[in-house]
Amino acid sequence: MSETISPAAVPRRTLFTGAEMPAIGFGTFGSDHAGHDVVADAVRGAVEVGYRHIDCAAVYGNEAEIGAVLRDVQTGGVAREELWITSKLWNDKHGEDDVVPACRQSLADLGLDYLDLYLVHWPFPNFHPPGCDVSSRSPDARPYLHEGFMKTWRQMEKLVETGLVRHIGTSNMTIPKLELVLRDAAVPPAVNEMELHPHFQQPELFDFVRDHGIEPVGYCPLGSPNRPERDRTPEDTNPLEDPVVREIADAHDVHPAVVCIRWAVQRGQTPIPMSTRRKNSLANLRAAIGPRLSDDEMEALAGIDRNCRMIKGQVFLWKDHQAWEDLWDMDGAITPR
Ligand SMILES: NC(=O)c1ccc[n+]([C@@H]2O[C@H](COP(=O)([O-])OP(=O)(O)OC[C@H]3O[C@@H](n4cnc5c(N)ncnc54)[C@H](OP(=O)(O)O)[C@@H]3O)[C@@H](O)[C@H]2O)c1
C-alpha cells in the first residue's frame, strides 16, 4: 500500500458557522495541460492519499468526471460528511434566474445533494469562452456593479436557506468590494478565494478578510508554474525559483513547492494546490501537517513578496486597451466605469 496521510491529522479552519474546513484543498483546474479524465484521476489519487477538501468549478468543465470519482470514493467508504466540496458560479450565470439552476447543475454533475461551499467565481458577469486569448473582450462586459452583484448574492443566500449549499463565498474580490458586500449581505461570505503564494502575499486583503471572520483560501499556491503561455507576462516571477524558498527547501531536503505549502498553512490561509502526480499531491498534503517552519524562516518568506499577480484576469476587462490593474481596485476604491 502506498503512503497516505490520515485526514484526521490535517489541520482545519473553523468558519463563522462553526463548520470545520480542511486547511488544505486539492485544486481541479486542468487548464490546457490536464484533460478532464486526468484531473478526475488526480482527484481519486488525492482522496486516496488523504485529501478531503476539493476545489471545483463549473467553468473547469470537469465536474461530471469528478462526480464519478466522488461517487466511487463514497461507495468505497468515505462518508459524505468527511468531504468538503467547493464549487463556483461562473460569470454567465449571475442573472437572478440563473444562480439556483447553475448550482443544481454542479450538484447533479458532482453527484451531491449539497455543497459545502459555493463561490461567486469572479465579481464580474463577464463571460469569456474557456481558453480564449487574453486580448479577447466580451461585447457585454461590464465593470463591477454592486447592485447587480447583490442581486446575485441574494440568490446565493437562497441556496443557503434551502440547504443546497452550507456556505457561500467570494473569489477574486478586493477590499472596497468586500466592504460593500459585508454591509449589505444577510449571509456574509464564509470564505474569500484569492491568489496567494510567497511572491503574491496580498497582506492587506489577507488581514482584512481574517479581521472580518472570512477565511482566506489561497489559489495558485505554487505560482501556477504550468499555466499556459497566454497567461504569462515578461514581468512574472516564479516563487519556486526564489533563492530564499530554495534555501529553506534545501535545508529541509524537500521540493520548493513543499515550502510554499507549509508557509501557506502556517501563515493561516488554506492553499489549494493542484497536481496530476500522486507523489506531488502527497508531498503537498504532508507539508500541511508539518514540520513547522521556524520563526526566522517564516520571516524570511514574508520578506520575498514581489506583489506579482499571476492571474491578472485581462479577459474580464470591459473596455479595449484597458489595463488589467483596473480589475483590482489598486487605488483602494472601486474602479469606475
Ligand atoms: N478562484 C479562482 O479564480 C481560481 C483561479 C486559479 C486557480 N484556482 C484554483 O486553484 C488551484 C491551484 O492553482 P493552479 O493549479 O493554477 O496552480 P498551483 O497549484 O500553484 O500549481 C500547480 C502546478 O504545480 C505543480 N506541482 C504541484 N505540486 C508540486 C510539487 N509538490 N512539486 C512540484 N510541482 C508541483 C503541478 O504539476 P504536476 O501536475 O506535474 O505535479 C501543477 O501543474 C486550481 O487548480 C483551481 O482549483 C482558482
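For ligands, and for the atoms within them, numbers begin at 1 and follow the listed sequence.
- S2 and R278 share a side-chain donor-acceptor pair at under 3.5 Å.
- Distance check: N307 CG to Q201 CD gives 10.0 Å after rounding to the nearest 0.5 Å.
- Contact residues of ligand 1 (protein heavy atom closer than 4.0 angstrom to a ligand atom; sorted by chain and number): G27, T28, F29, H33, D55, Y60, K88, H121, W122, S171, N172, E193, Y219, C220, P221, L222, G223, S224, P225, N226, H255, A257, I272, P273, M274, S275, T276, R277, N280, N284.
- A salt bridge links D236 and K312; the closest N-O separation between the charged side-chain nitrogens and carboxylate oxygens is under 4.0 Å.
- Annotation: ring pair (Phe, Tyr, Trp, His ring centres under 6.0 Å) contacts involving residues 162-183, sequence neighbours excluded, comprise W84-H167.
- Using the six-membered ring where Trp is involved, Y144 and F149 have ring planes that are tilted, between 30° and 60° apart.
- Ion pairing between R262 and E297 fails under the 4.0 Å rule for side-chain N and carboxylate O.
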